[in-house]
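See below for the structure under consideration.
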Amino acid sequence: WQQWLPIPLTETLGFVTGAACVYLVVKENLWNFPLGIANNIFFLLLFLQARLFGDAGLQIVYIVLGVQGWYNWLYGGEQRTALNITRASLPLTLMTVTGIVIGTIGLTVTLRAMKGAAPVLDALTTVLSLAAQYWTNRKVLENWLLWIIADVLYIYLYITRGLRLTAVLYAVFLGLCIAGFLQWRRSLRANAPALVNVQEAAIRG
């Protein structure tokens, strides 16, 4: 345990805000977005120090996506109402998978040129996380599956880079993502009859 100490302040703050943010996403609580933006700032500093440039750049994109997701959850539903959970359509899935493959290849080349510490894994986790956040912003149920894959890879990456507390955090994320998938699936099933009634009323009206 002495090898794990002292833990840098930025990593500690990233741990606390990150865990709280994912918990709020599981609960569909809108306050996950401002807390997530604070988490992105802490991790931006941490990853720059660790020379994980892909993950560092990802935090900047996350800040932008956090603002967009905050707005979308508030006004992205029918007639600018709150957004409801949906399933990933086949076109969306194909588009996302294609983007992950192309994005990973392109970013790997860039990170190698920048002498990144782990270019392939850094690129893959970065692109996976962007795709997962895009689906989160749209309240797509399967966003949790993308996060689960990314978290497993992140745990290995951060252990190899000596970011032990961050690796523990992503293990916590992994558990929360599994819980989030189950919670959102229950919410989707519970809301399905109500959505059908609303759609029928709109058609009749």
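Going from atom CG of Leu24 over to atom CG of Leu30 covers 10.0 Å, rounded to the nearest 0.5 Å. A distance of 12.0 Å separates OH in Tyr154 from CG in Leu163, rounded to the nearest 0.5 Å. With values rounded to the nearest 0.5 angstrom, Leu128 atom CG is found 10.5 Å from Thr96 atom OG1. In this structure, Cys21 SG and Phe173 CZ are separated by 7.0 Å, a value rounded to the nearest 0.5 Å. Between Thr125 atom OG1 and Tyr158 atom OH the span is 6.0 Å, to the nearest 0.5 Å. Atoms CG and CG, on Leu176 and Leu169 in that order, are 9.0 Å from each other to the nearest 0.5 Å.
Considering only residues two or more places apart in sequence or on other chains, Val61 meets the side chain to side chain contact (heavy atoms under 4.5 Å, CB included) condition with Leu65, Leu130. With sequence neighbours excluded, no residue forms a side-chain hydrogen bond (donor to acceptor under 3.5 Å, both in side chains) with Tyr170. Residues passing the side chain to side chain contact (heavy atoms under 4.5 Å, CB included) test with Tyr134, sequence neighbours excluded: Leu92, Met95, Arg138. By the side-chain hydrogen bond (donor to acceptor under 3.5 Å, both in side chains) test, Thr136 is found to be paired with Asn143, Trp147, residues two or more places apart in sequence or in another chain being considered. Residues satisfying the side-chain hydrogen bond (donor to acceptor under 3.5 Å, both in side chains) criterion with Tyr156, sequence neighbours excluded, are absent altogether. In this structure, the side-chain hydrogen bond (donor to acceptor under 3.5 Å, both in side chains) partners of Gln133, at least two apart in sequence or on a different chain, are Asn137.
Counting only heavy atoms from C-beta outward, the side chains of Trp73 and Asn29 never approach each other to under 4.5 Å. Side-chain contact between Ile85 and Asn191 is absent, with no heavy-atom pair separated by less than 4.5 Å. When side chains are defined from C-beta on, Thr86 does not count as touching Leu141, because their heavy atoms never get closer than 4.5 Å.
Val120 and Leu124 fall into different hydrophobic clusters, where Ile, Leu, Val, Met, Phe, Trp and Tyr side chains are chained together by heavy-atom contacts under 4.5 Å. The same ILVMFWY cluster, assembled from side-chain heavy atoms under 4.5 Å apart, contains both Leu74 and Tyr71. Note on Val26: it clusters hydrophobically with Ile148, by side-chain heavy-atom contacts below 4.5 Å among ILVMFWY residues.
Among residue pairs with one or both ends in residues 140-157, those qualifying as salt bridge (charged side-chain N to carboxylate O under 4.0 Å, His left out) are Arg87-Glu142; sequence neighbours excluded. Sorted by first and then second residue, the salt bridge (charged side-chain N to carboxylate O under 4.0 Å, His left out) pairs involving residues 24-46 (not counting sequence neighbours) are Glu28-Lys139.
Contact detail for Leu157 and Thr160: the closest heavy-atom pair is O-OG1, 2.6 Å. For the residue pair Gly103 and Val127, the shortest heavy atom distance occurs at C-CG2, 3.6 Å. What you find for Ala167 and Ile159 is that their closest heavy atoms are CB-CG1, 3.6 Å. Ser129 approaches Tyr62 most closely through the heavy-atom pair CB-OH, 2.7 Å.
Val97 belongs to no hydrophobic cluster, as no Ile, Leu, Val, Met, Phe, Trp or Tyr side chain comes under 4.5 Å of its own. Applying the under-4.5 Å side-chain rule to Ile, Leu, Val, Met, Phe, Trp and Tyr, the cluster around Val101 extends to Ile105.
No more than 12 heavy atoms of other residues, nucleotides or ligands lie within 6.0 Å of OH in Tyr23, so this atom counts as exposed by the packing criterion.
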Compile the donor-acceptor pairs under 3.5 Å between side chains in residues 108-119 and protein atoms, sequence neighbours left out, one pair per line.
{"residue": "Thr108", "atom": "OG1", "partner": "Thr104", "partner atom": "O", "Å": "2.6"}
{"residue": "Thr110", "atom": "OG1", "partner": "Gly106", "partner atom": "O", "Å": "3.2"}

What side-chain donor-acceptor pairs closer than 3.5 Å can you find for residues 35-45, not counting sequence neighbours?
{"residue": "Asn39", "atom": "ND2", "partner": "Gly14", "partner atom": "O", "Å": "2.8"}
{"residue": "Asn39", "atom": "ND2", "partner": "Thr17", "partner atom": "OG1", "Å": "3.1"}
{"residue": "Asn40", "atom": "ND2", "partner": "Gly36", "partner atom": "O", "Å": "3.3"}
{"residue": "Asn40", "atom": "ND2", "partner": "Gln59", "partner atom": "OE1", "Å": "3.2"}

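Here the rule is side-chain contact (heavy atoms from CB on, under 4.5 Å) with Trp144, and of Val25, Ile178, Leu182 only Val25 fits it.
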